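Residue numbers run from 1 in the order of the sequence given. It should be emphasised that the depicted structure is a prediction, and the values quoted were computed from it without experimental measurement.
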Amino acid sequence: MNWLNWLNDFFTAPDHRSGPDSIVHRVFEHLLLSGEALLYASLIAVPLGLLIGYTGRGVTAVTALAGAARALPTLGLVTLAVLLAGVGDTAVLIPLVALAAPPLLVAAVEGVRGTDPDVRDAARGIGLTHPQVLWQVCLPSAAPTMLAGFRTATVQVIATATVAAYVGLGGLGRYVIDGLATRKYAVTVGGALLVVLLAVAAQLFFALLARFALPPGVRAQQRSR
């Protein structure tokens with residue numbers, strides 16, 4: 001039996017069309033868990049990144065932290081979180097937030113630092129306060145870079161949220177883990193394909209958002225090419 005037959009078996013199985021093990025339900029669980037992790041990571045990383053990027057203090061530490069965070073083993077963090085917090089959403093959210101926060105933090109820092117210094121000085125010269133310069137000048141300029149960071153974080157979280165199945169939670173990882181455990185490889189292949197498709201959909205979504213985040217002049221130049 002080849003992989004096309006496996007996919008046909010997976011998508012035509014009655015259990016995957018309705019009920020708690022349906023594709024729609026598992027995708028919803030996966031998106032809910034991923035969205036929750038991204039929300040918490042954003043609340044931590046984005047304000048901190050904006051502050052560091054505007055003041056210029058702590059940039060070296062951010063770079064070092066982002067590099068170190070990429071080396072953290074997600075499954076190891078899940079295991080540690082289970083030992084400390086027990087089985088539950090927290091055991092999965094902790095490593096997912098740790099995975100999503102660094103690209104969001106770096107994108108916010110670099111986006112704000114990339115604002116034209118002359119524009120910032122001009123804004124200060126007309127009487128804008130530092131918070132006003134940050135929100136009205138730096139943040140719009142940093143939007144494309146920050147969206148790129150959100151795209152990276154989202155794809156990483158969607159791809160990694162399958163680890164929730166290791167601690168008995170839902171999501172698309174249930175198909176992958178349960179399929180391997182029962183040697184129903186059609187379920188494993190189908191679940192893996194859904195994760196890939198979800199990650200690709202996230203890439204396309206943020207690529208579309210990034211186009212609208214560009215200044216009107218830049219957008220016009222891209223259309224004329």
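- Residues passing the ring-ring contact (aromatic ring centres under 6.0 Å, His included) test with H25: none are found, sequence neighbours excluded.
- Taken together through direct or relayed side-chain contacts under 4.5 Å among Ile, Leu, Val, Met, Phe, Trp and Tyr, V27 and V196 form parts of separate hydrophobic clusters.
- You'll find the side chain of L51 stays beyond 4.5 Å of the side chain of L134, heavy atoms only.
- Once rounded to the nearest 0.5 Å, the distance linking OG of S141 with CZ of R113 reads 13.5 Å.
- Taking CG from L197 and CG from L193, the interatomic distance works out to 4.5 Å, rounded to the nearest 0.5 Å.
- Remark: side-chain polar atoms of Q203 are not paired, donor with acceptor, to backbone N or O of V200 under 3.5 angstrom.
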Using a 3.5 Å cut-off and no angle test, enumerate the donor-acceptor pairs between side-chain atoms of residues 144-152 and protein atoms at least two apart in sequence or in another chain.
unit_1 : atom_1 : unit_2 : atom_2 : d
T152   : OG1    : A148   : O      : 3.1

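- Closest approach of D116 and D118 over heavy atoms only: OD1-N, 2.9 Å.
- The list of ring-ring contact (aromatic ring centres under 6.0 Å, His included) pairs with a residue in residues 112-136, not counting sequence neighbours, reads Y54-H130.
- Atom CD1 of I52 sits about 5.5 Å away from atom CG of L105, to the nearest 0.5 Å.
- A donor-acceptor pair under 3.5 Å is formed between the side chain of S34 and the backbone N or O of H30.
- To the nearest 0.5 Å, atom CD1 of residue I158 and atom CG of residue L38 are 7.5 Å apart.
- Listed here is the closest heavy atom pair of A164 and L33: CB-CD2, 3.5 Å.
- A pairwise comparison of heavy atoms in A153 and A100 identifies CB-O, 3.7 Å as the closest pair.
- Qualifying ring-ring contact (aromatic ring centres under 6.0 Å, His included) partners for Y175, counting only residues two or more places apart in sequence or in other chains: F10, H16.
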Open item on the list: For R17 and T12: C-alpha separation, side-chain torsions, deciding distance, then whether side-chain contact (heavy atoms from CB on, under 4.5 Å) applies.
Closed with: CA-CA 8 Å; R17 293 184 177 182; T12 58; 3.9 Å; yes

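- Among all heavy-atom pairs drawn from D9 and A186, the shortest one is CB-CB, 4.3 Å.
- Taking 4.5 Å as the limit, every side-chain heavy atom of L172 sits out of range of all side-chain heavy atoms of E29.
- For the pair A37 and L96, the tightest heavy-atom approach, listed with the atom from each and the gap, is CB-CB, 3.6 Å.
- No more than 12 heavy atoms of other residues, nucleotides or ligands shown are found within 6.0 angstrom of CZ on F205.
- When each of T115, V119, L50 is checked for a side chain to side chain contact (heavy atoms under 4.5 Å, CB included) with C138, only T115 meets the rule.
- Residues in residues 184-198 take part in no side chain to side chain donor-acceptor pair (under 3.5 Å) pair, two or more places apart or across chains.
- Taking each heavy atom of A101 and A45 in turn, the nearest pair found is O-CB, 3.5 Å.
- At least one side-chain heavy atom of V163 sits less than 4.5 Å from a side-chain heavy atom of Y166.
- The hydrophobic cluster containing F28 also includes L32, under a criterion of side-chain heavy atoms closer than 4.5 Å among ILVMFWY residues, counted directly or through chains of members.
- With a 4.5 Å cut-off on side-chain heavy atoms, L128 and I126 count as touching.
- L99 and V155 are members of different hydrophobic clusters when ILVMFWY side chains are connected at heavy-atom separations under 4.5 Å.
- In this structure, CG on L104 lies 7.5 Å from OG1 on T154, to the nearest 0.5 angstrom.
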- [ ] List the steps, then state whether salt bridge (charged side-chain N to carboxylate O under 4.0 Å, His left out) holds for R26 with D21.
- [x] CA-CA 7 Å; R26 292 303 185 195; D21 199 37; 3.1 Å; yes

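- Atom CG of D178 sits about 9.0 Å away from atom CG of L180, to the nearest 0.5 Å.
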